[in-house]
Amino acid sequence: MGSFVRFLVAGLCSLAVLTGCASHRGAGTISPSGYAYNEAIAKTKSEQLLLNLVRLKYRDPIVFMDIDGITTQHQYVFSASAENLIPFRNTADGSSLIIPGASVSETPTTVYKPLDSSQFAQDLLAPIAPETVVLLANSGWSVERLMACCIERIGPLSNAASVSGPTPATIPDNYAFRQTAGLVRELQQEERVTIERLPGGEGAGTHLVIDAVDTDVCAPLRALLEAPDCAMEFRLVAKDSGRQADAAFAQTRTVLGALYTLSHAVDVPPAHLDAGLTTQSGVASARTPDWAAYLGNIFEVRAGASEPAGAAVKIFYRDHWYWIDDQDLQSKTTFNLVTFLLALQSAASDGASPLLTINAGG
C-alpha cells in the first residue's frame with residue numbers, strides 16, 4: 001500500500017508540473033501572443049529582402065517567398081521512477097525514493113509559398129501606383145525618401161531611368177533632382193506639401209501639391225522645376241504613361257525599378273570587383289561621386305569577409321557577409337519603406353503556387 005501511495009503521489013506531482021508547463025508553452029521564449037514567432041517571421045522577411053537586393057547587384061535571379069501559415073505540435077510526457085535509499089532492500093520495505101518527472105516539447109512547422117505566379121511577376125514589373133505613394137506619404141513617410149527611390153521624373157527633372165535596371169556603367173548625375181527633393185522635404189516638415197487624390201472631372205487623379213509661397217525655398221524651387229509661381233502642382237502618373245516630358249507631371253518607377261535603384265548602393269568586396277562579378281560604375285560628375293550620393297545618402301548595404309557585430313539585418317552570400325548597420329537609421333528607414341511598398345504592391349496578388357512545408361524541429 002505504501003508503494004502504491006508513493007507512486008500515486010509521484011503521478012500527481014508530475015501532472016502538476018506538467019500543468020504548470022502547459023500554461024507557459026514554449027519554455028518562456030514563446031509567450032501566448034506568439035512573440036517569438038513574430039520575431040522569427042520579421043527576421044526571415046528582412047533577410048529575404050536584403051538577399052534579393054544583393055542578388056540584383058550581382059545580376060542573379062531573385063526569389064520571394066511568403067509565409068502561408070505556422071502550426072505547432074506540443075508533446076507532453078510525465079513519468080515516475082523509484083530509487084532505493086538502502087542497498088539490498090526493495091520498495092516494499094518502504095526504503096525507496098519516488099522521483100517524478102515531466103517534460104513538454106514544442107515543434108513549430110512553417111509553410112512557405114513561393115511568390116512566382118504570373119500575377120506577382122506583373123506586380124513587380126508594374127509601375128508603383130500613385131495611390132501607393134499617397135498611402136505612404138500620408139502615413140508620415142518623407143517625401144524626399146519617396147522621391148529618391150520611387151519617383152523617376154518630376155516636371156523637367158529626371159531621376160535617371162537607367163538606374164531602374166541592372167547597375168549601369170556610369171553613375172548618373174541627379175544633383176538637381178536631389179536638391180529638389182530636399183527642398184520639398186523642408187516644405188513637408190512645415191506642412192506645406194500634400195499628396196491627395198482628386199475625384200472626377202478634368203483634374204481627376206493623384207496630385208503632389210507644393211505651397212512654397214512666402215518661403216525661402218520658393219526661388220530655388222521655381223528655378224529647378226521651371227514653375228511659373230510658388231504654388232505648384234504635379235499630377236502623379238505611372239511609368240510609360242506618355243507624360244514623361246510634361247512639366248505638370250511626376251512619374252513613378254516600377255516596383256522592380258525601385259529595388260534595382262537601391263541595389264546599386266550595395267557595397268561589393270574588392271575581390272568581386274576584380275573578378276568582374278558586378279559592374280564597377282564610372283563617375284559622370286563630381287557632384288554625384290558614388291551610389292550613396294545618388295540616393296541622397298538614404299541607403300547603404302555594407303560588405304565584409306567577417307560576420308558583423310551590431311547588424312540590424314545580415315545575410316551570408318557568395319562567401320561574404322552583407323548587412324545594414326543597426327546604427328544606420330537612414331538605411332533602416334529606407335529598408336522599412338521598401339518592405340511596406342512590397343506589401344502594398346503584392347496585396348492584390350492571388351496566384352496559386354506550390355507550398356513548401358518546413359519543420360523547424362528538424
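Small disclaimer: the values here were computed from a predicted structure and weren't measured.
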Test your reading of the model: is there a side-chain donor-acceptor pair from [X] to the backbone of [Y], 3.5 Å cut-off?
X	Y	result
T194	E196	no
D290	A293	yes
N138	G140	no
R253	I128	no
S158	R153	no
S285	R287	yes
T279	A169	no
T334	I298	yes
D328	I324	no
Y294	V163	no

With distance as the sole criterion, is a donor-acceptor pair present between the side chains of [X] and [Y] under 3.5 Å?
X	Y	value
E233	H207	yes
E152	S164	yes
D267	Y322	no
T278	R59	no

Mind checking the [atom1]-[atom2] spacing from [X] to [Y]? Nearest 0.5 Å is all I need.
X	Y	atom1	atom2	answer
L208	Q188	CG	CD	9.5 Å
I195	L135	CD1	CG	10.5 Å
L51	I315	CG	CD1	5.0 Å

**OP:** Determine whether more than 12 heavy atoms belonging to other residues, nucleotides or ligands lie under 6.0 Å from atom CG of D229.
**Re:**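 Yes, CG of D229 has more than 12 neighbouring heavy atoms, counting only those of other groups under 6.0 Å.
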Original post:
Within a radius of less than 6.0 Å around CD of E307, do more than 12 heavy atoms belonging to other residues, nucleotides or ligands occur?
Top reply: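 Buried by this count: over 12 neighbours within 6.0 Å.
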Of the non-hydrogen atoms in [X] and [Y], which two are nearest, and what is the gap between them?
X	Y	answer
R55	V63	NH1-N, 3.7 Å
P269	H320	CG-CD2, 3.5 Å
V217	A212	CG2-CB, 4.4 Å
N159	A148	ND2-O, 3.3 Å
W323	S306	CZ3-O, 4.5 Å

State yes or no: do [X] and [Y] share one hydrophobic cluster built from I, L, V, M, F, W and Y residues joined by side-chain heavy-atom distances below 4.5 Å, directly or via other members?
X	Y	result
V213	F234	no
L273	I171	yes
F299	Y58	yes

**OP:** Go through T132 and L136 one step at a time and tell me if the side chain to side chain contact (heavy atoms under 4.5 Å, CB included) criterion holds.
**Re:** CA-CA 6 Å; T132 297; L136 293 170; 4.1 Å; yes
Subject >> Result of checking N297, D173, T288 against R178 for side-chain hydrogen bond (donor to acceptor under 3.5 Å, both in side chains) >> reply: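 Exactly one candidate clears the test, T288.
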Any Lys/Arg nitrogen of [X] or [Y] sitting under 4.0 Å from an Asp/Glu carboxylate oxygen of the other?
X	Y	value
D325	K332	no
E39	K43	no
D211	R192	yes

**OP:** Show your reasoning for whether side chain to side chain contact (heavy atoms under 4.5 Å, CB included) applies to L259 and N52.
**Re:** CA-CA 9 Å; L259 294 178; N52 281 320; over 6 Å; no
